[in-house]
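A quick note: this is a predicted structure, and the numbers were derived from the prediction, not measured.
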Amino acid sequence: MRFLMVGAGALGGYFGGRLLEAGRDLTFLLRPRRAAQIAKTGLVVHSPFGNLQLPSPPHVLAEDIRAPFDVVVVGSKAYDLDATMASFAPAVGPDTVILPLLNGMSHIDRLAERFGSERVLGGLCMISATLDDEGRVLHLNDMHGLAFGERAGGRSARVDAIAAQFAGAKFDATLSENISQDMWEKWVFIASAAGLTSLMRASIGDIASAGGQDVALAIFDECCAIAAHNGFAPRPAAVERGRAIMTAPGSPMTASMYKDIVRGAPVEADHIVGDLLGRAPAASSSCAPSVLRTAYVHLKAYEARRAREAA
């Protein structure tokens, strides 16, 4: 089974590197700048689960793709998705499966519209990783999970085949028979944490020390209610875990969106927070703005200021 990993950033570099480490047939699709960087340093991963250095990982530029791949793994940011789809389009053949690892749900519709719904699986990953200034992948926590499955649920020959390829690689792979539910539960948590820590410009622990647990629970419960309205009410274990993480005293956790704001980078405001907010039931016009709505306006104001300063 031939895999094309779109990009070798923090996410693609980690999971792609682990699959190469396990001897799988994987090629990175790279942009010229990242290709030049990896040609110089190799692919370097620093992780609590063992470091990895691949001097010359297989890679290709978009214009050099000559044949379809069996599985295309996509982990780009949502704001780059259009360009990303164009880059890997030559790799998609009649039997190609696309495994996206983005947060949220609207990317599924965009991929399905471009390549056909039948080609698009559901997927998510649980990892905290970043690239340093030298292009090394730094794995920052003790989670490295990747879940995938048929969006309609159940199993199929193709996801079983992918599971067999993932088996033995140094990450936690899960073939989920309810991946859409899993994706919604992650979306609820990511939107809550991103909205809260970006709005407050603070970690979960600092918000808790300020007495803000009620605000944290308000945004989390609002996101849960939106998921339930769309037929994906988070399961009790996910609710319990989310509420505990969102209010944990002393927690240094901040969302990656908060980190993006701190360094002046683009953010996935519409994809993570705005799209979820747009799926909420109609609110009474007399209602005060919710915490989620306030967080979204805050993110859009950041985007407006960033665009103005770049002009």
Practice task
Could you point out which residue of R34, Q53, Q37 forms a side chain to side chain contact (heavy atoms under 4.5 Å, CB included) with L43?
Solution key: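 Per the side chain to side chain contact (heavy atoms under 4.5 Å, CB included) rule, the option paired with L43 is R34, out of R34, Q53, Q37.
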Polar side-chain atom of [X] near backbone of [Y] as donor-acceptor pair, under 3.5 Å:
X    : Y    : value
R263 : D260 : no
D70  : R2   : yes
R306 : G264 : yes
R66  : E63  : yes
R151 : S117 : yes
W184 : A233 : no
E185 : A238 : no
K259 : T254 : yes

Testing the basics here: between [X] and [Y], what is the closest heavy-atom pair and its distance to 0.1 Å?
X    : Y    : answer
S198 : L299 : CB-CD2, 3.9 Å
I108 : P100 : CD1-CG, 3.8 Å
L29  : A62  : CD1-N, 3.5 Å

Handout entry: Set of residues satisfying side-chain hydrogen bond (donor to acceptor under 3.5 Å, both in side chains) with respect to E240, sequence neighbours excluded
Key =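 E240 satisfies side-chain hydrogen bond (donor to acceptor under 3.5 Å, both in side chains) with no residue once adjacent residues are dropped.
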Exercise for the section: Could you check F166, F88, F15 and say which one makes a ring pair (Phe, Tyr, Trp, His ring centres under 6.0 Å) with F3? Expected result: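 Exactly one candidate clears the test, F166.
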Exercise for the section: Determine whether the side chains of N141 and H139 contain a donor N or O and an acceptor N or O closer than 3.5 Å. Expected result: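 Yes, side-chain donor-acceptor contact under 3.5 Å.
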Problem - R293 atom CZ: more than 12 heavy-atom contacts under 6.0 Å - result: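 No, the 6.0 Å shell around CZ holds no more than 12 heavy atoms from other groups.
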Problem - Residues, nucleotides or ligands: over 12 heavy atoms within 6.0 Å of R279 CZ - result: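 Above 12, so yes.
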Handout entry: Y14 ring center near F171 ring center (under 6.0 Å)
Key =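 No: the rings miss the under 6.0 Å criterion.
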Handout entry: Sequence-distant partners of D132, salt bridge (Lys or Arg N to Asp or Glu O under 4.0 Å), two or more places apart
Key =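 Testing D132 for salt bridge (Lys or Arg N to Asp or Glu O under 4.0 Å), a comparison that skips the adjacent residues, returns R136.
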Handout entry: salt bridge (charged side-chain N to carboxylate O under 4.0 Å, His left out) assessment of D82 paired with R114
Key = CA-CA 10 Å; D82 287 341; R114 175 73 184 264; over 6 Å; no
